[in-house]
J.: 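My structure is below; once you've seen it, I'll send some questions.
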Amino acid sequence: MESFLFYILASIAVVSSLVVILAKKIVHSAIWLIVTLLSLSAIYVLLYAEFLAALQVLIYAGAVIVLILFAVFIINQEKDEYEMKWHLQTPLAYLLGGMILLELFFFIGKTVFENNGVEKISLLNKIGNTEAVAVELFSKYILPFEIVSVLLLASMVGAVFIARKEKE
Amino acid sequence: MVPVSGSLALGAILFIIGAIGALSRRNAIIILMSIELMLNAVNLTFVTFSYQVGNLNGQIAAIFVMAVAAAEASVGLAIFIALYRKKRTANVDEISILKW
């Protein structure tokens, strides 16, 4: 049952990500990226990561995409929404991407995974996934947590400073 | 029981799709969206291994990746908006000199 749901969500994710990179208009790409991110969030729920699924909806589909859409509407470019010239880079990118993908499939197929983590994770999630993640995050990973908060402050100040109006 | 190799294969596919999008498109916003797609594929790989091994380290790493990705998306879009004010184009081919 879980693997059947997983394959449905995986095909939704792959198809929508293909539309993201192939769509002619930018707004269509952004909307299909929302579909991709939401299907990934559902996959996280299947993988016993409910806190991360909620964070994915809140942060990615709720904040990052809205930021991208703001930028798209500020830009509001009518002409040249699809690239006119042909570059050598495009088929080269497809070729190299296909080769790397085949190599990755080869290695994933060769590895034997012992699927023994499900019992351990359900045991950890007995107190709820959020509380289990919080116990680890605030005890073992407290230093990266504080550093990430400083990083977010720095990026916020930097983004506001870079994008401000110039004084005439 | 989610198939671990199937989930890793999905992560690999999404990563390569994002990489191809970042290399072959000429619009700066689409390149940023492809980079977000790549970061999401990495998150999926982390969570899959956390599911396979049985502890929560992968999920915590995915939380940090998500935070850094949000910070980087905001700064990238700020740079892009500041650049667009001067050059009036969203095409990365025309942003080819370092200072004008």
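Below, each value reflects all heavy atoms present in this structure, side chains not excepted, and no hydrogens, waters or symmetry copies. What you see is a predicted model; the values in this text were computed from it and never measured. Naming: A, B, ... by sequence-line order, numbering from 1 per chain.
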J.: Please look at A:Leu47 and chain B and tell me whether the side chain, the backbone, both or neither of the residue comes under 4.5 angstrom of a heavy atom of that chain.
T.: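 For A:Leu47, heavy atoms of backbone and side chain both lie under 4.5 Å from chain B.
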J.: Out of A:Met1, A:Glu136, A:Glu119, A:Met156, return the one with the most heavy atom pairs under 4.5 angstrom to chain B.
T.: A:Glu136
J.: Please flag which part of A:Val14 lies under 4.5 Å from any non-hydrogen atom of chain B: side chain, backbone, both or neither.
T.: both
J.: Once you round to the nearest 0.5 Å, how far does OG of A:Ser41 lie from CG of B:Leu44?
T.: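 The distance works out to 11.5 Å.
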J.: Identify which part of A:Ile162 has an atom lying under 4.5 Å from any heavy atom of chain B, answering side chain, backbone, both or neither.
T.: both
J.: Which answer fits A:Phe6, side chain, backbone, both or neither, if we ask what part of it has an atom under 4.5 Å from a heavy atom of chain B?
T.: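 Side chain only.
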J.: Counting only non-hydrogen atoms closer than 4.5 Å, does A:Leu46 touch chain B with its backbone (N, CA, C, O), its side chain (CB onward), both, or neither?
T.: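 It is both, since atoms from each part get that close.
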J.: Answer yes or no: are there more than 12 heavy-atom neighbours, outside A:Tyr94 itself, under 6.0 Å from its atom OH?
T.: yes
J.: Roughly how far, to the nearest 0.5 Å, is CG of A:Leu67 from OG of B:Ser74?
T.: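 Nearest 0.5 Å value for the OG-CG distance: 6.5 Å.
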J.: Can a side-chain donor-acceptor contact be found between B:Asn43 and A:Gln56 if the only test is distance below 3.5 angstrom?
T.: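 B:Asn43 and A:Gln56 do not have a side-chain donor-acceptor pair below 3.5 Å.
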J.: Could you tell me which portion of A:Tyr60 (side chain, backbone, both or neither) has an atom closer than 4.5 angstrom to a non-hydrogen atom of chain B?
T.: side chain
J.: How far does OG of B:Ser7 sit from OH of A:Tyr7, to the nearest 0.5 angstrom?
T.: 9.5 Å
J.: Would you mind telling me which of A:Val20, A:Leu55, A:Leu96 has the largest number of heavy-atom pairs within less than 4.5 Å of chain B?
T.: A:Leu55
J.: Mind ranking A:Thr90, A:Leu151, A:Thr36 by heavy-atom pairs under 4.5 Å with chain B and telling me who comes out on top?
T.: A:Thr90
J.: Is chain B contacted by the side chain of A:Ala71, its backbone, both, or neither, given a heavy-atom distance below 4.5 Å?
T.: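 Both backbone and side chain.
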J.: About how many Å separate CZ of A:Phe145 and CZ of B:Phe64, when rounded to the nearest 0.5 Å?
T.: 7.5 Å
J.: Counting heavy-atom pairs under 4.5 Å to chain A, which of B:Asn57, B:Val68, B:Val53, B:Ile81 comes out on top?
T.: B:Asn57
J.: So which of A:Val64, A:Ile108, A:Leu152 has the largest heavy-atom pair count under 4.5 angstrom toward chain B?
T.: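 Most heavy-atom pairs within the cutoff with chain B belong to A:Ile108.
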J.: Checking heavy atoms, do the side chain of A:Phe113, its backbone, both or neither come under 4.5 Å from chain B?
T.: both
J.: Report the distance from atom CD1 of B:Ile63 to atom CG of A:Leu137, rounding to the nearest 0.5 Å.
T.: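 Going from CD1 on B:Ile63 over to CG on A:Leu137, the span is 5.5 Å.
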J.: Using heavy-atom distances under 4.5 Å, tell me whether A:Leu40 contacts chain B through its side chain, its backbone, both, or neither.
T.: side chain
J.: Is a donor from one side chain sitting under 3.5 angstrom from an acceptor on the other, for A:Gln89 and B:Arg26?
T.: yes
J.: Check step by step if side-chain contact (heavy atoms from CB on, under 4.5 Å) holds for B:Ser34 and A:Ile21.
T.: CA-CA 7 Å; B:Ser34 308; A:Ile21 67 165; 4.1 Å; yes
J.: I'd like to know which of A:Gly117, A:Gly158, A:Ala154 tops the heavy-atom pair count under 4.5 Å against chain B.
T.: A:Gly117
J.: Using a 4.5 angstrom heavy-atom cutoff, name the option from B:Leu56, B:Asn40, B:Val47 with the most pairs to chain A.
T.: B:Asn40
J.: Is chain B contacted by the side chain of A:Val148, its backbone, both, or neither, given a heavy-atom distance below 4.5 Å?
T.: side chain
J.: Find the one option among B:Ile13, B:Ile17, B:Val75, B:Ile79 whose heavy-atom pairs under 4.5 Å with chain A are most numerous.
T.: B:Ile17
J.: Supply the atom-to-atom distance B:Gln59 CD to A:Tyr48 OH, rounded to the nearest 0.5 angstrom.
T.: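 That separation rounds to 12.0 Å.
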J.: Among B:Asn55, B:Ile20, B:Thr48, B:Leu14, which residue forms the greatest number of heavy-atom pairs with chain A at distances under 4.5 Å?
T.: B:Ile20
J.: Evaluate the side-chain proximity of B:Leu10 to A:Ile43: yes if any heavy-atom separation is below 4.5 Å, no if none is.
T.: yes
J.: Report which part of A:Leu124 has an atom under 4.5 Å of a heavy atom belonging to chain B: side chain, backbone, both, or neither.
T.: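 The side chain, not the backbone.
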J.: Among A:Ser149, A:Gly109, A:Ala13, A:Gly97, which residue has the highest count of heavy-atom pairs closer than 4.5 Å to chain B?
T.: A:Gly97
